[in-house]
Novice: 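Before I ask anything, here is the structure I am working with.
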Amino acid sequence: MKLQYIKRLLSFVLGVIITVGVSGCGSNNHQPNNAVINFTDDDGNIVAMNAPAERIISLYSAHTENIYSLGAGDKLIGNYHTAIYPPEASKLDMFDYAADPEKIIAANPDVVLVRPFITRKTPDNIKALKKAGITVISLYPDTFDSFDDYINKLAKVCGKEDTAKELLEKFHAELLEISEQTEDISDKQKVFFETTETNIRTTTDDSMAGRAIGTAGGENIAKTAKQSESGSSIAEFGAEKVLMNADNIDVYISQRGAMNSGGSLESIAERDGFDVIKAVKNKRVYTINEKLISSPTFRYVKGVREIERFLYPEIADNLQEYKTDEIATKKDFADIIVKSQHMPIYVPSSSKYYDSEQKGHTFGMFEDVKWTEESFDNIETAVNSGSVEWEKVDGKEYYYPENAVTREELAKAVFILGDFKSADNTMTIGDIADCENKRIIETLVSNGVFTLTNGRFEPKKEVTKNEVIAALSGV
Amino acid sequence: MKIKKILAAAIAGVMLMGVCACGSTKSDSESVAIKKGDAAKQAILVVSFGTSYNDTREKTIGAIEKKIEASFPDYDVKRAFTSQTIIDKLKERDNEEIDNVTEAMDHLISDGYGTVIVQPTHVMNGEEYDQMISMCKPYEDKFVSLKFGKPMLSSTKYYETVINAVAAETEAMKQADTAVVFVGHGTEHYANSTYAALAYRFNAMGYKNTFVGTVEAFPDMDDVKAKLKDSGVKKVVLLPFMIVAGDHATNDICGEEEGSWYTELKKEGYEVIPIKKGLGEYAGLQDMFASHVQDAIDSSEEVAE
């Protein structure tokens, strides 16, 4: 304890000396040469550190998520209390920038990550942290173009610059791939993107969300909307202008989240006069979680892909690669379900999600499907729809992604996702005793959705990907 | 010098106490003569939990209020919600101002109402109802007359009315091959036994395949699944047993997601037909709330039981 105190005092004194030294040169832009890590943060403060941080508290959900993506999650000792992604972040000690800073100081971090919004909102708390000798770093990319710079700074702080380079290359390559899929389409889908239900605001064109519309091959009808206040990605628009464009809006997207929430599917449809909007008439109103599309994280690629799925489902949800007679795994099964039903990928929306016990599977808790895997979203989404099986063993949850899909599992998914009339006169099924879901199988066979082989259903028989596609196409 | 100061302080203290005592006596006597508003100026305050779903709000709470308005032309009908979260959301989102119970009481006083009936749209005498009563209590002597209408299922005699009202609009209750499942909210309050009593009454009135469950308490989904299995039906009509078909009805009951009543009953192989219809939409129940207002007007009780 005493040693820590001396260390902190020493680092503080050193910090003062460096700052004084810098100021002494008469230029705030001059950076000290002796620090290994040095850059100017988004509050305009010079960050100078001799080694990457080892004990980080992040007070912004995007910082937390990015540090995990960079592979430095083990350096996080604390998290902002509403940040729930990736799933393991919910297990960290939780802190609040608006609460007494003593709690943060007592946790003994070497770096506290904030953003300019927090510095503006609670300047005294930030001062208190700095006074305690903690390096406070404020970062936030307010445009899409400043994302790389932001990630690189964050990577410097946690010593993961090489990983950052790789991730950013992949990030831009994936975005390019998405934009190339729709670049030849001449008749672009026209989009309105709602960010707040109050006064029907939209997003600025250079924001993460604004850029996403273009990357996904859409045309933003509110492209010229001006930001509501300096530094904000929210832009004024209003119901009147939306209605003036009623015939032009092919797709209406509402961004939902904790702050500045757009409307729900129900509330948009029931607004005065909104029933004349083309997208409302054609049932092409979608909601997207703000964490996917407006938060500066690598999950943004998923958000852009979601928008592409809303705009061009025939391209983005193409099942061509699954059209083979190979046996379908449960991983393929989830992909085909999500794509064929055009299900929006599932993301828990409440920051209190992990506070209460879930009725079924808990998001992110499969032992055999981690959030870093490509199959993660479709598996979580298919499971959330209740159409696929999973198992709980000794309190741990398993999906078994590599297991083959059986006829009975396929039948259950088809029944749950579709609407089938209960059968009046059930056919005789020779092996019905071997089926766990007797009623479902009787109904589907009677409805002609599944056929019998020699009078038997063969529930344990494995199915091919083509069979999965065929069965789900009728749903 | 020091002694003088202490003495001065003590004297000042005693004087102050004297003044306070006089003051309080005066205010007590004043409250007896408090102005109570004009007895001929009459209002019915309809108190609901509230919902942020605009369309269902007007079909349910709004419809009950309209029924009451039409039945009592001599009264002004006012609206209050008990959920502050919903009040705040409507203010922020739609710029719509809705009073909470305390604000509504204050407005009734400032507008000079002397005769007030408070009619809750609650299903039972549960926690929401208790809270509403305790919020109104401090206003008891501010009106010439302040009376309370009863919630929907506040005594045995009302069960039959409720069952007849829902049966009149639920064709499936008469079909032998179809089960009807009403799903209520459920509460930790002792009034939760209302649900089991209601289920018993459905059965006693001959609706053998009508079952009652709750989202958060007893009887739960497993209890209802067992009843469905025994009944032998293949088809299930799923209905919320809540005044408003809002969040719970949309997600927990009729939602197409793991854990919802809709999906979990489908997993059992039933053909499930979800109907998002709040209790406030049934004409018979709108009439019932109006009759509870009439009962309150006719009653000699000035305060809630």
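Model, not experiment: these values are computed from the prediction. In what follows, chains are A, B, ... by sequence order, proteins preceding strands, each numbered from 1.
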Novice: Can you list the residues of residues 176-198 of chain B that sit under 4.5 Å from chain A, counting heavy atoms only?
Specialist: none

Novice: Is there a donor in the side chain of Y400(A) and an acceptor in the side chain of E391(A), or the other way round, less than 3.5 Å apart?
Specialist: yes

Novice: In terms of heavy-atom pairs under 4.5 Å, which option from I440(A), I416(A), I441(A), L417(A) contacts chain B the most?
Specialist: I416(A)

Novice: Go through the steps to decide whether K267(B) and E389(A) satisfy the test salt bridge (charged side-chain N to carboxylate O under 4.0 Å, His left out), and finish with yes or no.
Specialist: CA-CA 11 Å; K267(B) 281 186 186 173; E389(A) 303 276 327; over 6 Å; no

Novice: Determine, step by step, whether E194(A) and R201(A) satisfy the salt bridge (charged side-chain N to carboxylate O under 4.0 Å, His left out) criterion, reporting the C-alpha distance in whole Å, the side-chain angles of both residues, the deciding distance to 0.1 Å, and the verdict.
Specialist: CA-CA 6 Å; E194(A) 174 174 313; R201(A) 296 190 182 96; over 6 Å; no

Novice: Regarding T82(A) and S351(A), is there a side-chain donor-to-acceptor distance under 3.5 Å anywhere?
Specialist: no

Novice: Which distance, rounded to the nearest 0.5 Å, do you find between the CZ of F218(B) and the CG of D223(B)?
Specialist: 5.0 Å

Novice: So for K412(A), is it side chain, backbone, both, or neither that comes closer than 4.5 Å to the heavy atoms of chain B?
Specialist: side chain

Novice: Can you say whether F420(A) sits under 4.5 Å from chain B via the side chain, the backbone, both, or neither, judging by heavy atoms?
Specialist: backbone

Novice: For the residue pair T196(A) / T198(A), report whether a side-chain donor-acceptor contact shorter than 3.5 Å exists.
Specialist: no

Novice: With salt bridge (charged side-chain N to carboxylate O under 4.0 Å, His left out) as the criterion, how do E271(B) and K421(A) come out once you've worked through the C-alpha distance, each side chain's angles and the decisive distance to 0.1 Å?
Specialist: CA-CA 6 Å; E271(B) 177 190 347; K421(A) 294 256 172 269; 3.6 Å; yes

Novice: Under 4.5 Å, counting heavy-atom pairs only, tell me which of E92(B), K235(B), M221(B) racks up the most with chain A.
Specialist: E92(B)

Novice: Measure from NZ or CZ of K234(B) to the centre of the six-membered ring of Y270(B), then state whether that distance is under 6.0 Å and the direction lies within 45° of the axis.
Specialist: no

Novice: Identify which one of K59(B), K78(B), R79(B) satisfies the salt bridge (Lys or Arg N to Asp or Glu O under 4.0 Å) criterion when paired with E65(B).
Specialist: R79(B)

Novice: Please look at V233(B) and chain A and tell me whether the side chain, the backbone, both or neither of the residue comes under 4.5 angstrom of a heavy atom of that chain.
Specialist: backbone

Novice: Assess whether salt bridge (charged side-chain N to carboxylate O under 4.0 Å, His left out) is satisfied between E306(A) and R309(A), documenting all intermediate values.
Specialist: CA-CA 5 Å; E306(A) 282 297 279; R309(A) 296 179 67 214; 2.8 Å; yes

Novice: Do E197(A) and S261(A) come within less than 4.5 Å of each other through their side chains, counting heavy atoms only?
Specialist: no

Novice: For chain A, which residues from residues 241-266 of chain B have at least one heavy atom closer than 4.5 Å to it?
Specialist: T250(B), D252(B), E256(B), E257(B), E258(B), G259(B), Y262(B), T263(B), K266(B)

Novice: Would you give me the side-chain donor-acceptor pairs under 3.5 Å for residues 278-287 of chain B, sequence neighbours excluded?
Specialist:
{"unit_1": "E281(B)", "atom_1": "OE2", "unit_2": "G278(B)", "atom_2": "N", "d": "3.0"}
{"unit_1": "Q286(B)", "atom_1": "NE2", "unit_2": "G280(B)", "atom_2": "O", "d": "2.8"}
{"unit_1": "D287(B)", "atom_1": "OD1", "unit_2": "K67(B)", "atom_2": "NZ", "d": "3.2"}

Novice: If you measure only the distance, is there a donor-acceptor pair under 3.5 Å linking the side chains of E58(B) and N54(B)?
Specialist: no

Novice: Can you spot which of L444(A), N447(A), I337(A) makes a side chain to side chain contact (heavy atoms under 4.5 Å, CB included) with V414(A)?
Specialist: L444(A)

Novice: Any side-chain heavy-atom pair from I200(A) and R271(A) closer than 4.5 angstrom?
Specialist: yes

Novice: Does anything in residues 357-366 of chain A get under 4.5 Å of chain B by heavy atoms, and if so which residues?
Specialist: K359(A), G360(A), H361(A)

